[in-house]
Amino acid sequence: MHGKTSAARQDSAGGHARHADATERAAPLVRGDPRTGQPSTAVRIPPFVASRDDSWIRQWPLRSFLELGAFPGAVPCARLHARQMLWEWRLTGLSDIAELLISELITNAVQISCANAQTTPVRLWMMANRTQMLILVWDFSPLPPVRKSTSQDDENGRGLLLVETLSTRWDWYFLPQHDGGKVVWCELRA
């Protein structure tokens with residue numbers, strides 16, 4: 001498999017909890033998988049979600065993280081991960097749309113990483129409560145996402161249009177103080 005999974009905190013069956021201590025509250029860390037004991041480098045939850053107080057923990061009690069190599073196989077791995085997590089969280093009503101949005105965002109992240117000859121991974125965070133879901137995808141490229149104008153005959157270039165159409169809202173932001181690169185995010189409602 002191309003990725004590493006870990007749970008910052010999952011309020012679901014079999015989830016492993018990890019609470020951020022006072023020094024990590026600004027941007028909590030997600031570490032290696034405690035079930036396998038495999039280490040990984042610490043990955044900070046993007047600051048859009050992580051705030052100085054614990055309100056984001058109450059807003060998004062269900063959380064998952066997946067780090068993938070920038071390879072074509074990252075897209076089906078991310079989709080499968082999303083399907084499994086949404087089933088476990090009992091949010092299967094969001095599965096089809098969430099998988100499509102994750103496919104588009106991961107595809108864009110992989111493509112920009114490969115175009116820049118980067119060997120950096122792409123990262124996926126999924127956060128949810130019982131009524132909504134937040135999807136965040138990070139890549140190392142400092143280039144902003146650009147929606148292309150397409151004709152009816154074009155086979156590619158509609159990814160961000162799909163994200164805009166199917167999500168409640170979406171946007172992106174740079175991470176200059178953390179790992180660099182950017183995060184593209186979207187929100188869904190059940």
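Since we're looking at a predicted model, the values are computed, not measured. The first residue in the sequence is number 1, and the count goes up from there.
Side-chain contact check for D139 versus T120: every heavy-atom pair is 4.5 Å or farther apart. The closest side-chain heavy-atom distance from M127 to S64 is not below 4.5 Å. The closest side-chain heavy-atom distance from L161 to E104 is not below 4.5 Å. Inter-residue side-chain proximity for L105 and C186 is flagged as met; some heavy-atom pair is nearer than 4.5 Å.
Atom CE in M126 sits 11.0 Å away from atom CG in L94 (nearest 0.5 Å). With rounding to the nearest 0.5 Å, the separation of CG in L68 from CD1 in I106 is 5.5 Å. Here the straight-line distance linking atom CD of Q132 with atom OG1 of T168 works out to 8.0 Å at 0.5 Å rounding. A distance of 11.0 Å separates OG1 in T107 from CD1 in I102, rounded to the nearest 0.5 Å. Between the CD atom of E164 and the CG atom of L101 there is a distance of 12.0 Å, given to the nearest 0.5 Å. Note that CD of E67 and CG of L124 are 11.0 Å apart. Values are rounded to the nearest 0.5 Å.
Scanning for salt bridge (charged side-chain N to carboxylate O under 4.0 Å, His left out) contacts around R83 gives E99, with sequence neighbours left out. The salt bridge (charged side-chain N to carboxylate O under 4.0 Å, His left out) check on E187 picks up R169, R189, with sequence neighbours excluded. Annotation: side-chain hydrogen bond (donor to acceptor under 3.5 Å, both in side chains) contacts of Q84 (sequence neighbours excluded): none. For T165, there are no side-chain hydrogen bond (donor to acceptor under 3.5 Å, both in side chains) partners, not counting sequence neighbours. A search for side-chain contact (heavy atoms from CB on, under 4.5 Å) contacts involving S103 returns V75, R79, not counting sequence neighbours. For the ring pair (Phe, Tyr, Trp, His ring centres under 6.0 Å) test, residues two or more places apart in sequence or in another chain that qualify with W172 are F174.
Between the side chain of R90 and the backbone N or O of W87, no donor-acceptor pair lies under 3.5 Å. Listed for the N129 side chain is no donor-acceptor partner under 3.5 Å among the backbone atoms of W60. Side-chain N or O atoms of W138 include none that pairs as donor or acceptor with a backbone N or O of A109 at under 3.5 Å.
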Go through it in stages, so that I can follow the logic: the residues are W125 and W185, the test is side chain to side chain contact (heavy atoms under 4.5 Å, CB included), and I'd like the CA-CA distance, side-chain angles, deciding distance and then a yes or no. CA-CA 9 Å; W125 289 267; W185 62 271; over 6 Å; no
Using the rule given for side chain to side chain contact (heavy atoms under 4.5 Å, CB included), can you reason through L143 versus I112, listing the C-alpha separation, both sets of side-chain angles and the distance that settles it, and then say yes or no? CA-CA 8 Å; L143 299 174; I112 195 73; 3.8 Å; yes
Show the numbers, then the answer: is there a side chain to side chain contact (heavy atoms under 4.5 Å, CB included) between L160 and N108? CA-CA 9 Å; L160 289 177; N108 290 349; 4.0 Å; yes
Start with the C-alpha distance between L62 and M133, add both sets of side-chain angles, then the distance that settles side chain to side chain contact (heavy atoms under 4.5 Å, CB included), and finish with yes or no. CA-CA 9 Å; L62 305 169; M133 177 180 185; over 6 Å; no
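The shortest heavy-atom contact between V184 and P145 is CG2-CG, 4.0 Å. For the pair P76 and G73, the tightest heavy-atom approach, listed with the atom from each and the gap, is CD-O, 3.4 Å. Between V110 and A70 the shortest heavy-atom distance is CG1-C, 3.8 Å. Taking all atoms of both residues into account, the shortest heavy-atom contact from A128 to L91 is CB-CD1, 3.7 Å.
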